> 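Please find one structure pasted underneath; my questions will follow.
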Amino acid sequence: MNERDSEAVAALLRARGYRIVASEAECDILLLNTCAVRDAAEQKAIGKAGYALARKRRRPDFVVGILGCMAQNRGTALLEQLPDVDLIIGTQKFHQVPGYLDNLHAARAAGMPLGETIVDLAEEPGSQNEIRDHVLAQDEAPDAPPQVSAFVSIQQGCNMDCAFCIVPKTRGDERSRPMEDIVREVEQLAARGVREITLLGQIVTSYGRRDSAHTGGVSPFVQLLERVHAVDGIERIRFTSPHPRGFKQDLVEAFGRLPKLCEHVHLPLQSGSNRILRAMNRPYTRERYLEIVQALRAARPDMYFSTDIIVGFPGETEEDFAQTRELFEAANYDMAYIFKYSVRTGTPAAEMPGQVSDETKEQRNRILLDRLHENSLRRNQSLVGRVEEVLVEGPDKTGRRLTGRTRGNRVAVFAASGRPIGRLAPLRIDRATVSTLYGELVPAGVEAAEPKAGGQTSVFLSGSSR
Ligand code: 5AD
């Protein structure tokens, strides 16, 4: 989601005549879009901002801005550690960044002293509708490898009250974008060469529930999936993240009837213990969670699952953790993000008794990571000798081969043959590691892709991520 927000800011800046540069060393303005979900993310952003500010000492007109969740969470308190920062901009004000930069430049041109910080952390009704512009590689340079996969934000904010989570504070109340706007954005992306869309929201399963009706037992989110599915040129659809509470039969059935919907579901579990789920204020049980997994496997036997898990939530005993391990086995995840619980000031869990030691969190983290490693390797190896459809995304890190992903979201690397970027192509897999499949494109069905059509200040946007 932060990547998507950064990209929308970049697109607005470009439209104002700023140039987005690939390297931090070249920029005149550095904007850090920050995360606050764990302390480590905040520390990373503060470190990075401090480093950027050191550059200001050599070059006083250099501009440093802090955007997003940490800006929202810490506000002007950031000035104690980072007194020279120029902008502190919250999560409902991303679209105001170009205006604030213009103001800053105008003020400086008029001889105003350097050193005033612009702070805007207010709520803004309708701000969810402003995350809609994209910068695609094909727009920058028509002969660049085209970007064929894009995120589309469908909702901002969160109304759940998970006891561990800072997001309701940093992102505000849940607000959905109108379905028409989202569909128009997807159509425009398809026209620019995008083939795969990932719909983004904090709780996508709650999409539109205040604005649209269930019709014929179909939730607004599934209605949105149907509309996106009907867009010509879009060949794959993904979404993240659903909430187990909102994962109803209509969504399970959507996997059976919408062929563009890829067979990979990211379904955050957080804990496999009912006692801990209750303490976390997560309104489902381990039994209900497994029921959803089983229903999805019945709809699509080759379904892939990933999840988010927190180890060491306050009060988590060995018995609770054993329940998480057991569920981890039962769900047989192909991928998981495993987090050590991080105290977030202002959340209910921060005040709970029974805080777990770092050592225990580390041990539990290790156990699940080892298990995940085995699962991922086994699943990837089961694909050796088979042909999987990949969406060819572009050159790999070495630049000598191509990379793409399977429908199950596994990364594949293969030799470049012709220019199939942006195409779905059959890949015969001949080797697999935990994280990567290696193989060869099957010649039949692979056509060369047509190239996609597609006075300044330089900006570099950076983000801290999970
Ligand atoms: N500590 C550790 N992990 C957290 N997450 C959210 N809040 C915390 C926290 N305080 C994790 C959850 C969520 C993911 C995005 O981050 O697993 O799903």
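Keep in mind that this is a model prediction, so the values were computed, not measured. Order of appearance sets the numbers: ligands from 1, and atoms from 1 within every ligand. All residue numbers in this chain count up from 1 along the given sequence.
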> Cys165 to ligand 1: N or O pair under 3.5 Å?
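It does not: no N or O of Cys165 is found under 3.5 Å from an N or O of ligand 1.
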
> Any nitrogen or oxygen of Arg344, main chain or side chain, under 3.5 Å from a nitrogen or oxygen of ligand 1?
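In fact, backbone or side chain, Arg344 has no N or O that close.
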
> As a test of understanding, state which of Leu79, Leu82, Asp120, Ile118 forms a side chain to side chain contact (heavy atoms under 4.5 Å, CB included) with Ile88.
Leu79

> What side-chain donor-acceptor pairs closer than 3.5 Å can you find for residues 292-299, not counting sequence neighbours?
unit_1 : atom_1 : unit_2 : atom_2 : d
Arg297 : NH1    : Met303 : O      : 3.2
Arg297 : NH2    : Ala331 : O      : 2.6

> For ligand 1, which atoms, with element, lie under 4.0 Å from some heavy atom of Gln270?
12 (C), 13 (C), 17 (O), 18 (O)

> Are the side chains of Met160 and Pro283 in contact, using a 4.5 Å heavy-atom criterion?
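Yes, close enough: below the 4.5 Å cut-off.
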
> List the steps, then state whether salt bridge (Lys or Arg N to Asp or Glu O under 4.0 Å) holds for Glu319 with Arg275.
CA-CA 10 Å; Glu319 173 52 28; Arg275 203 179 67 82; over 6 Å; no

> Please identify which atoms of ligand 1 are closer than 4.0 Å to at least one heavy atom of Arg38.
1 (N), 2 (C), 3 (N), 4 (C), 5 (N), 11 (C), 16 (O)

> Determine, using ring centers only, whether His243 and Tyr284 are less than 6.0 Å apart.
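Yes, they do, as the ring centres are separated by less than 6.0 Å.
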
> Is there a polar contact, in the sense of an N or O pair closer than 3.5 Å, between Tyr341 and ligand 1?
no

> Is the distance between the ring centroids of Tyr289 and Phe247 under 6.0 Å?
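Between Tyr289 and Phe247, the centre distance exceeds or equals 6.0 Å.
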
> With heavy atoms of Val37 as the reference, note each atom of ligand 1 found under 4.0 Å away.
5 (N), 6 (C), 7 (N), 8 (C), 9 (C), 10 (N), 16 (O)

> Checking contacts here: is it the side chain or the backbone of Phe339 that comes within 4.0 Å of ligand 1, counting heavy atoms only? Could be both or neither.
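Side chain only.
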
